[in-house]
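A short worksheet on the structure shown next.
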Amino acid sequence: HSGWKGWCTNHSRSRHNRISRMYPYLRHTIPSVRLAVVKALHTFTTVQDLPRNDWMFNTFFALIFQNLVLEERADIRDLSFATFSSAVHAAENMDGALDVMVRPSLEEWYEIVMTPIGSKFDDTLFVKGGKASSGHNVDKHIMAGDLSLVPMETMLATRIAGAKALASLLKYFREVR
């Protein structure tokens with residue numbers, strides 16, 4: 001991890017800018033790009049010496065959660081869940097961080113997960129992470145609940161991934177009361 005030393009000391013503004021530049025590519029049309037971004041974000045959540053209080057904000061959690069409910073590919077969705085879980089674990093060690101970064105979004109996230117399959121998602125519940133300029137909306141069919149283009153199994157898998165993420169948070173919020 002010698003290459004991380006520079007990233008781990010006194011570069012908070014730069015680190016935040018670099019990480020947030022990846023957000024539009026979470027929903028890129030090319031799956032390998034989406035996978036690479038989630039891999040990078042997962043790495044940032046697991047590197048022990050990397051400070052997180054200067055880049056791991058509510059937008060980060062919201063975008064990773066949204067990736068769980070929008071991603072059609074199981075490998076990217078599974079890595080997104082691992083990223084969400086490791087971020088929650090890291091935030092548990094930051095005093096009050098989950099209360100600030102996650103609690104305000106819980107109602108919206110529950111509403112997203114509880115949207116009936118086949119119904120359109122309320123797009124006002126989603127954080128806009130910026131769009132990669134590809135001209136194509138990779139999420140159009142899943143956002144519309146279009147079962148003619150998105151298999152029922154995929155719709156169920158995305159809802160289950162979101163529900164698992166919420167369940168992991170419920171455990172945390174019950175412990176802090």
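Just so it is clear, the values below take in all heavy atoms, side chains as well, and ignore hydrogens, waters and symmetry mates. We count residues from 1, following the sequence as given.
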Residue Met94 excluded, over 12 heavy atoms near CE under 6.0 Å: yes

Heavy atoms, side chains only, cut-off 4.5 Å: are Thr83 and Phe44 in contact? no

Output the distance between atom CD1 (Ile142) and atom CG (Leu149), rounded to the nearest 0.5 Å. 11.0 Å

Can you tell if the side chain of Leu41 reaches within under 4.5 Å of the side chain of Leu26, non-hydrogen atoms only? yes

Spell out, yes or no, whether Phe57 and Met22 are grouped together once hydrophobic residues are joined by side-chain heavy atoms under 4.5 Å, including indirect joins. no

Within 6.0 Å of NZ in Lys120, more than 12 heavy atoms from elsewhere: yes

So Phe65 and Val127, do their side chains get closer than 4.5 Å, heavy atoms only? no

Kindly indicate whether the side chain of Val88, heavy atoms from C-beta on, has any atom under 4.5 Å from the side chain of Phe61. yes

Quick one: pull up NZ in Lys140 and CG in Leu70 and give me the separation to the nearest 0.5 Å. 15.0 Å

Ring geometry between Phe60 and Tyr23 (parallel below 30°, tilted from 30 to 60°, perpendicular above 60°): tilted

With rounding to the nearest 0.5 angstrom, report the OG1 to NE2 distance, Thr46 to His89. 11.0 Å

Sidechain-backbone polar pair: Ser119 side chain, Thr115 backbone, donor-acceptor under 3.5 Å: no

Given Glu71 and Arg27, is the salt bridge (charged side-chain N to carboxylate O under 4.0 Å, His left out) satisfied, shown in steps? CA-CA 8 Å; Glu71 182 54 58; Arg27 304 307 312 144; 2.8 Å; yes

Are Tyr25 and Val138 in one and the same hydrophobic cluster, where Ile, Leu, Val, Met, Phe, Trp and Tyr link if side-chain heavy atoms are under 4.5 Å apart? no

Distance check, rounded to the nearest 0.5 Å: Ile64 atom CD1 versus His42 atom NE2? 10.0 Å

Got a donor-acceptor contact below 3.5 angstrom from the Arg34 side chain to the His28 backbone? yes

Can any side-chain N or O of Arg77 pair as donor or acceptor with the backbone N or O of Glu72 at less than 3.5 Å? yes

Residues Trp109 and Ala62: closest non-hydrogen pair is CZ2-CA, 3.5 Å

Distance col, row Asn67:CG vs Asp139:CG, nearest 0.5 angstrom, shows 8.0 Å

Closest contact, heavy atoms only, Ala97 versus Ala91: CB-O, 3.7 Å

Does Phe126 offer a backbone N or O that forms a donor-acceptor pair with the side chain of Gln66 under 3.5 Å? no

How many angstroms lie between atom CG of Leu166 and atom OH of Tyr110, to the nearest 0.5 angstrom? 5.0 Å

Path from Leu147 to Val69 over hydrophobic side-chain contacts below 4.5 Å: yes

Please report the shortest heavy-atom distance between Ala161 and Phe81, naming the atom on each side. O-CD1, 4.1 Å

Taking Met155 as the starting point, is it possible to reach Ile160 by hopping between hydrophobic residues whose side chains are less than 4.5 Å apart? no

Is there a path from Leu68 to Leu170 through hydrophobic residues (I, L, V, M, F, W, Y) whose side chains come within less than 4.5 Å of each other? yes

